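All values reported here derive from a predicted model rather than from experimental measurement. Throughout, protein chains are lettered first and strands after them, A, B, ... in sequence-line order, and every chain is numbered starting at 1.
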Protein chains: 2
Amino acid sequence: MRASDRAYAALRDDIIEWRLLPGTVLAEVEQSERLGISRTPLREALSRLTAEGLTTTAGGRGVVVTDISLDDIDELFELRETLEGKAAALAAERGDRATFDQLRRELIEAPELIGGEDPALHEYYELVGRLDAAIDAAISNAYLVQAMRSLRVHLVRVRRLAADDAARLTAAAAEHAAIAEAIAAGNPRLAEAATTLHLHRSLSHVKATHTPH
Amino acid sequence: MRASDRAYAALRDDIIEWRLLPGTVLAEVEQSERLGISRTPLREALSRLTAEGLTTTAGGRGVVVTDISLDDIDELFELRETLEGKAAALAAERGDRATFDQLRRELIEAPELIGGEDPALHEYYELVGRLDAAIDAAISNAYLVQAMRSLRVHLVRVRRLAADDAARLTAAAAEHAAIAEAIAAGNPRLAEAATTLHLHRSLSHVKATHTPH
DNA sequence: CACAAGGCTTATGTATACAAGAACGACTGA
DNA sequence: TCAGTCGTTCTTGTATACATAAGCCTTGTG
């Protein structure tokens with residue numbers, strides 16, 4: 001693996017997990033020494049982070065970790081609703097029904113993964129990830145997929161701000177199941193509506209439990 | 001201006017204007033010598049191009065200029081309709097009516113710029129650009145604006161494939177005027193509908209006059 | 001004659017040295 | 001005492017030398 005890739009992944013994780021807080025300046029020599037690489041691959045990593053919007057170049061004073069305000073979260077979800085709503089509708093038109101019906105069945109049983117004695121949250125998140133991947137594959141639109149992918153980085157970062165309790169996860173699983181069901185039924189408008197509903201509830205939860213830094 | 005910025009702008013223009021055709025391999029030493037800079041800033045330029053999707057790294061054989069197929073154009077416009085439709089709707093909700101009413105008036109008179117003896121096409125394109133900028137400013141959503149901006153690069157490239165005759169430009173000006181009018185009227189659904197109509201006609205024109213390489 | 005293996009060539013990936021510019025601080029003048 | 005300017009210093013931007021890996025050609029063998 002290339003050194004620049006490792007640096008990119010490390011810095012990206014540090015930012016997403018809020019170990020590097022907004023406003024932190026990422027000086028090149030400092031970070032390159034911390035990661036044990038030279039400045040050249042580090043600069044490439046910083047370029048990629050800046051292109052994604054996780055950092056910004058603060059002209060002359062290095063790159064700094066970007067902040068995410070409450071307004072940003074609103075804007076983020078506004079775009080997310082647009083993109084994922086369209087994605088769900090397209091998946092309902094073009095997707096394989098059996099695939100999404102299978103996902104629907106698994107999502108209905110997801111509360112067992114969440115509420116049990118030894119909650120297998122990892123399996124739950126993996127299941128939701130499989131739904132996202134199935135939608136991505138179904139819409140067969142590389143540009144739309146790319147746009148959603150660049151959004152997800154920021155969304156993961158926002159999600160880390162909220163407290164994902166069992167109650168919310170259980171409700172979210174039901175909402176995801178509704179989306180899968182609408183796609184499996186081949187109903188684009190229903191799929192879009194289910195997605196809109198899910199995202200609004202998700203946004204409400206984030207804003208309600210959001211813990212400022 | 002930084003050398004990497006100049007290299008990025010030069011390569012981007014070469015690709016958009018189809019001077020660098022799809023499949024062309026951009027070897028680092030070759031391009032750095034052509035542009036009169038060293039490999040370091042050139043690599044940064046190539047990184048940015050690849051992040052935008054104008055080039056792809058062909059594992060071990062350098063970066064190559066990406067192709068745009070007819071399917072790509074369909075996908076591009078599918079996403080464009082989603083984003084710009086939403087943008088027009090938001091602008092109708094949040095924009096300043098006087099601004100868009102002024103743009104509407106100018107767009108109605110745009111045919112004079114197109115059909116005259118000495119067509120001032122530059123002014124026409126500048127006017128359309130002002131409409132885009134006004135929409136961007138009105139929606140006040142940095143993430144949506146960013147998503148549209150990354151799309152526009154590819155769209156300019158596609159536009160260069162089509163023959164922009166005076167008839168099409170005149171029709172397009174009327175469609176743009178309709179969008180501006182709907183936004184000025186504060187009617188989101190009408191603005192979205194006008195945008196959808198314009199994009200469908202634009203896509204039809206591109207596909208009809210498209211000249212393969 | 002065909003196929004495979006090995007080295008040679010040429011590409012990218014990385015490190016480091018140098019240049020240029022901007023920010024901060026100290027000093028001087030009013 | 002405050003403001004402005006000059007100089008120092010630390011930052012990023014660039015060039016180049018080196019390491020490494022992948023591809024292709026050549027050569028040898030079956």
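Minimum atom distance to the side chain of A:R43 is reached by D:dG13, of the listed D:dG13, C:dA23, C:dT14. For A:A3, taking side-chain heavy atoms from C-beta onward, the closest of the listed nucleotides D:dA15, C:dT14, D:dG13 is C:dT14.
Classification of B:R19 and B:D13 as a salt-bridged pair fails, no side-chain N sitting under 4.0 Å from a carboxylate O. Using a 4.0 Å cut-off between charged side-chain N and carboxylate O, A:D132 and A:R149 make no salt bridge. Salt-bridge formation is not detected for the pair A:R157/A:E17: no Lys NZ or Arg NE/NH1/NH2 atom is positioned less than 4.0 Å from an Asp or Glu carboxylate oxygen.
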Give me, pair by pair, the N or O atoms of the protein and of nucleotides 16-21 of chain C that are less than 3.5 Å apart, along with how far apart they are.
unit_1: C:dT16; atom_1: O4; unit_2: A:T40; atom_2: OG1; d: 3.1

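Using a distance-only test at 3.5 Å, with no hydrogens or angles considered, a donor-acceptor pair links the side chain of A:D72 to the main chain of A:S69.
Nearest-nucleotide positions on DNA chain C place A:P41 closer to the 5' end than the other of A:P41 and A:A58.
Aromatic pair A:F77/A:H200: ring centres not closer than 6.0 Å.
Going from atom CE of B:M1 over to atom C1' of D:dT14 covers 16 Å, rounded to whole Å. Rounding to whole angstrom units, OH of residue B:Y8 and P of D:dG13 are separated by 17 Å. Nucleotide D:dT11 holds its P atom 11 Å from the CZ atom of A:R61, rounded to whole Å. Atom CD in B:E33 sits about 12 Å away from atom P in C:dT12, given to the nearest Å. In this structure, the CD atom of B:E44 is 17 Å from the C1' atom of C:dT12, given to the nearest Å. The CZ-C1' distance, from B:R2 to D:dG13, rounds to 8 Å in whole Å. Residue A:E30 contributes atom CD, which lies 12 Å from atom C1' of D:dT11 at whole-angstrom precision. Atom-to-atom, CD of A:E28 to P of C:dT14 comes out at 15 Å; the value is rounded to the nearest Å.
Ring geometry, A:H176 versus A:H198: the interplanar angle falls from 30° to 60°, so the pair is classed tilted.
A:R61 CZ: 12 or fewer foreign heavy atoms inside a 6.0 Å radius.
Side-chain nitrogen and oxygen atoms of B:S4 include none within less than 4.0 Å of the OP1 or OP2 phosphate oxygen of D:dG13.
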